[in-house]
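Labels below follow one simple rule: chain letters A, B, ... track the order of the sequence lines, proteins then strands, and each chain is numbered from 1.
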2 protein chains.
Amino acid sequence: MAAEQDVTTRARIRDAAIEQIARRGYSVSVRSIAQAAGVSVGLINHHFGSKEGLREACDGHVLELILTAKRESVAGGALASLAAMSRIEEYAVPVAYCLRCLQAGGSAAARLIDHFVSDARVWIADGVASGLLKPSLDEEARARTLTVMGFGSALLALTLYTADGGDEFSPERLSDFLNHYIAEHGLPMVELYTHGVYAGTDTLDAYLEATGRADQGRTAAAAADPTTSPGGASTAGATAASPQED
Amino acid sequence: MAAEQDVTTRARIRDAAIEQIARRGYSVSVRSIAQAAGVSVGLINHHFGSKEGLREACDGHVLELILTAKRESVAGGALASLAAMSRIEEYAVPVAYCLRCLQAGGSAAARLIDHFVSDARVWIADGVASGLLKPSLDEEARARTLTVMGFGSALLALTLYTADGGDEFSPERLSDFLNHYIAEHGLPMVELYTHGVYAGTDTLDAYLEATGRADQGRTAAAAADPTTSPGGASTAGATAASPQED
DNA sequence: CGCTCCACTGAACGCTTGTTCAGGATGCTA
DNA sequence: TAGCATCCTGAACAAGCGTTCAGTGGAGCG
């Protein structure tokens, strides 16, 4: 899968740093990284200037790893491709690193998300074109929302999962977590993605009304779900009783 | 709103700690807290034993604050109640504290989530009973999933939002963020909650088939969405091409 | 008054952090 | 062989952290 191994000391330090960060988070000390890499502390700063420089090198390398891995994998959404990757043992570390990256925030996290958003944009457009997915009133926003929801919920679940029982986060613990995550949230998510949760379109109508895009809403809703009667046959009342908006 | 103010020095330290943690995260130093409270460092440990003790006192106090605030607010889902609370200026700090708590993980985060899950369970059951929400195959799992998705996506959005432009997180920045969050993700979320994303039920059927709950699935799906023909009239093919599962 | 209890301070301790630097070791080049 | 650049080490540095503790000051009380 990976190209010719980079066996320079610099690469060994970088890889050790990636694994340590994946295991223990961005706050891991350079001394731990040095020990894991089997080098002295000074050498790290000799090669990377500072801890920040090391982090940037790790970010860039992992992002590149993800890119090439995704280029090789045929298709699949953001989280699906991550889950698929984690099954391949050698990719558990970069996946965990990505989650740590999102956990820590910063520009690297923003770049990572942006990448997966533009990725989602593509396969959502494909899905809509092939009739697998319903169209949206705002495809751009939907791509971003689905990506943030997917990663955000996984990240929070991971934070809660990591909470009890040691902060160490070994690769096998990651696959444990993913199995746990899919077992717990798989059905409700597929259900949500298939049926939604609202019985009627009242909330959406009210939202479109409130934000002044009522007209495009009706037409788009009718186009999206032809089984819905275009009149007022939906359930009555309760326009402001939405559980998500008020 | 709040009961009689607690003006003891111990309470002043606790409140200063809550605000500092809300602003700068759990990693804030006790010296910063001491300075913000206008006391010496030693006094904090005199009252709370250690930084961990201070954190527990803060966690408990904020949780209690949230509880009483929710008891006063009539209804609303988890995130909605948070958003509504943040509008009241005095509750911006505990809300931000909760997000920092979830960000940091640990048992306090788990307790917070558990609380909101059991909260969601109630209003979801109410919604199903009143016909506003569709029933689910697993109401318990759905309550947990919706809660984790709601908070997780908000938390990730916040992490990305906080990334650029200072780590300080003032109360007005929180309301800025919430406005930004709702403006960006409001429509796609309502859309998702209304229509889902899948055009057909193939993915759900395939998932139920794969997990061996096919029979309860068909009946429940038919009950949930009476417009769907119970036969095989849905779009053909592509049973394994789900963008979320593979 | 003297005693005790309590809130409270400020300096210090031990520890870990990221960073720096003089110097040893190695290998290539003139 | 001499010179030089590079890789690399280990000790030291300053700064920050949470924690500890001797000691001050004032209020309540016998």
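DNA chain C is contacted by both B:Ile13 and A:Glu52; B:Ile13 maps to the nucleotide lying nearer its 5′ end (nearest heavy atom per residue). Nearer to the 5' terminus of DNA chain C, by closest-nucleotide assignment, is the contact made by B:Gly38 (compared with the other of A:Gly49 and B:Gly38).
For B:Arg31 against D:dG16, no side-chain N or O and base N or O form a donor-acceptor pair under 3.5 Å.
Side-chain proximity of A:Leu43 to the nucleotides C:dA12, D:dC7, C:dC8 is greatest for D:dC7. Distance from the side chain of B:Ser40 is smallest to C:dC8 among C:dT19, C:dC8, D:dT19. Closest to the B:Lys51 side chain, of the nucleotides C:dG18, D:dG18, C:dT9, is D:dG18.
The six-membered or imidazole ring of A:Tyr97 lies near that of A:Tyr26, with a centre-to-centre distance under 6.0 Å.
Between the CG atom of B:Asn45 and the C1' atom of D:dA22 there is a distance of 16 Å, rounded to whole Å. Following rounding to the nearest Å, A:Arg55 (CZ) and C:dT19 (P) show an atom-to-atom distance of 13 Å. Here C:dT19 presents its P atom at 13 Å from CZ of A:Phe48, a figure rounded to the nearest Å. Summarising the geometry, the separation between CZ on B:Arg10 and P on C:dC8 is reported as 12 Å, rounded to the nearest angstrom. In this structure, B:Ile44 places its CD1 atom 13 Å from C1' of C:dT9, rounding to the nearest Å. If you measure from atom CD1 of B:Ile33 to atom P of D:dC17, you get 11 Å, rounded to the nearest angstrom.
Residue A:Thr9 places at least one side-chain N or O closer than 4.0 Å to OP1 or OP2 of D:dC8. Within the 4.0 Å cut-off from OP1 or OP2 of D:dC8, not a single side-chain nitrogen or oxygen of A:His46 is found. The side chain of A:Ser29 contributes no N or O atom lying less than 4.0 Å from OP1 or OP2 of C:dT16. Close to D:dC8, at under 4.0 Å from its OP1 or OP2, lies a side-chain N or O of A:His47.
Taking the six-membered ring for Trp and thresholds of 30 and 60 degrees, B:Tyr198 and A:Tyr193 have ring planes more than 60 degrees apart, a perpendicular arrangement.
No donor-acceptor distance shorter than 3.5 angstrom exists from the side chain of B:Gln103 to the backbone of B:Leu155, with no hydrogens or angles considered.
Across every non-hydrogen atom of A:Ser153 and B:Val148, the tightest pair is O-CG1, 3.6 Å.
Put simply, the side chain of B:Val117 does not reach to within 4.5 Å of the side chain of B:Leu146, judged on heavy atoms.
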